[in-house]
Structures are given as C-alpha cells and as structure tokens.
Amino acid sequence: MDDPNRLEAKGLARAKIRGKRRRVQAIRRRTARGALALFAVVWTVVFAQLVSGNDPALSRPPVADRRHVPPRVAPEEEFAPEAEPEPSEEFPPEAEVEAVEVEPEPEPEPEPIVTSAS
Amino acid sequence: MIAAGAVSAGPHVFWITSRAAGTVALVLSSLAVVAGLLIGSRGGALKGLGGDVKALHEALSLATLAAVAVHGLALLGDHYLHPSILDLSIPFTGAYRPFWTGIGIVAGWSLAALGLSYYARSSIGQARWRSLHRFTALFWVLGIAHSLGSGTDAGRLWFLVMLVVPAGPALVLLLRRLGRGRYGKTVSPVPSSTIEIATAGQASAASRISS
C-alpha cells in the first residue's frame, strides 16, 4: 500500500506535467498563428507594392546577372492596351522624314443628274 | 484577403508567396536564435521559464523550416524565373544570382539538417549534437546574407526594419556568447537539471553518512 503523501506527490507531479504539456501546446499554437499572421501581412505588403507600381523588381533596370530572366510585367500593364511606341534613340526626331505638304485633291464635281424626262 | 489578392495577382502569386515566405523565415529564424541563446544563458530573468523558452525555440525553429520550404517550393510555380527542382535544391547551379541563391540553398539545407537532428539526439549523442547545433548560428548569418544579396526587397525600408528588429538582438546575444568563450569550451553532455538533482542527491547522502 502506497503512502498517502507519496500518492499526493505523484498526483502533484502528474498535474505539473499536464500543465507543462498544456503550456507547450499553447506556445506552439500561438507561434503558428503568429507566423501565419506575419505571412499574411508581408504578402499583402508585397502585393500592394506590386499593384501600386512600386515593386523593386519591376522598377529596377536589368543588370548583367539577370539576363536570363525575362522582365516582369506589372499586373495592370498586362491587361492594358498596347501603348504607342516611344521614339527611340536610333531614330531621333531630327532624322524623321519631314512631312511633305501635299495639296488636297479637288473634290470631283458632282455629275449632273440625268433623268429619263430630259 | 490573401485569396482575393491571389486572384488579382494572377501569374505573380507564386513569386509574391515566395518573397513573403522568405521574409517570414528570416524573422522567425532570428527569433529562434534569440530563444536558443536565451536557453543557454544563465540570466536570472528567465528563471523558471526555461521549459517555455525551449518550447518557443522549438516551435519557432519548426515554423522557420516550414517558411523556408514554402519559400523554395513556391518558386517552382513562378513562370518568369521558371526554376527546376534541381536549380532550387543544388547550390550554385541556378541562373538567377547563382552565388547568393546558392548561399541561401546551403543555409536552408543546413538549417533543416541541424534543426531536425534534435529528434535524433539519442543516436547522434547529446554532446555531439550540441557541438553540431552551434553551427546553426553560422547558417542563420548565411540566410541573412542570402536575403540581402538576392532578395528583391533588400533595399526596402519595411524589409530592413523587419530584418534588423529581430536580428539585432540575436546578433548582440550571439556576440556576447562568443565573447564569453562558451563556444570554445566543451559543454557537459548531461543537462544542468540532472546535475542539480545529482548534486542534491550527493548532499543528502553525505548528510546521512555524517549523521
């Protein structure tokens, strides 16, 4: 037969272990929730950056070690209608062919209406 | 919110996910290093909280590994970089910034190996595991170097704040630990609690003998 003091001590030890286990589970749960919340916040920040056109990868000029990577396109640009091409340096405005003034062709005179009565 | 954003992010969803997971991994790993260094410290402020800090260290480390896995795997779906599984798993082979990305791959694999070796301590041996586990700090530093070298958001203020706020205290604690020379000493393979129990037992035995 076990000593009642010994049984009490065992019960206390068991309760302590149970309490510790509960605390550890709570810490794990809180850490997982915190990590997910942090992920959501960072995801939103990066997304907002991308949508607002301030994304560093889209605004940075291409460098030598990125030559294998095709340039990224911002979401709003992907669906936008094609913009007019800007004049490039290869064809400066000075070199453009000057517009030749062409006299407007005279409008043809309307033909007289011929009716069966005439 | 993320689901709505994912729909409108379209083809960039994997890229955004990878960037966010990488940042989260960086923050979590720094916090895990802080918790890990606090376990070893003999500070009076943590007296009685040792078990909780240990549980926090373990939870943060596992969350870090999960974030690192998401960071790498999400890139598989990115159709701009379009890396293969080999590009993401073998260091210094990818086309995108091979050196910095390679450092990140080395850090990721090493953190996974060293972190998960905790569950194989009995076969590795406690003393050997402890001496191996110290290298975690080195791979954490490599992870930071990877984020600054190849991270898209490396120059952004919000990213630098998220990097410095948890990594600063971790670095201070690490330097303090290195300064005390604990890394040079051999640590007893027997946990301190066991030593305390053994000392108490010896003291009671001695008192019994003397009486």
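Order of the sequence lines sets the chain letters (A, B, ...), proteins ahead of strands, with each chain counted from 1.
Using a 4.5 Å cut-off between heavy atoms, A/Ala35 contacts chain B through both its backbone and its side chain.
Residues B/Trp15 and A/Leu50 meet the side-chain proximity criterion, which asks for heavy atoms closer than 4.5 Å. In this structure, A/Gln49 and B/Trp158 have side chains that are in contact, with non-hydrogen atoms separated by less than 4.5 Å. The closest side-chain heavy-atom distance from A/Phe39 to B/Thr17 is below 4.5 Å.
The nearest pair of heavy atoms linking B/Asp52 to A/Ile27 is O-CD1, 3.6 Å. Closest approach of A/Val24 and B/Ala55 over heavy atoms only: CG2-CB, 3.8 Å.
The environment of CZ in B/Phe139 is crowded: more than 12 heavy-atom neighbours from other residues, nucleotides or ligands sit within 6.0 Å. Surrounding CH2 of B/Trp109 are at most 12 heavy atoms belonging to other residues, nucleotides or ligands under 6.0 Å away. Residue B/Arg121 qualifies as enclosed at atom CZ: its count of foreign heavy atoms under 6.0 Å is above 12.
Contact annotation for residues 23-30 of chain B against chain A (heavy-atom separation below 4.5 Å, listed by residue number): B/Thr23, B/Val24, B/Val27, B/Leu28.
Taken from CG in B/Leu56 to CZ in A/Arg30, the straight-line distance is 9.5 Å, to the nearest 0.5 Å.
Looking at B/Arg156 and A/Asp55, no side-chain N of the basic residue comes within less than 4.0 Å of a carboxylate O on the acidic one, giving no salt bridge.
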- Query: Under the side chain to side chain contact (heavy atoms under 4.5 Å, CB included) criterion, do B/Met162 and A/Val42 qualify, and how do the steps go?
  - Reply: CA-CA 10 Å; B/Met162 287 190 90; A/Val42 177; 3.6 Å; yes
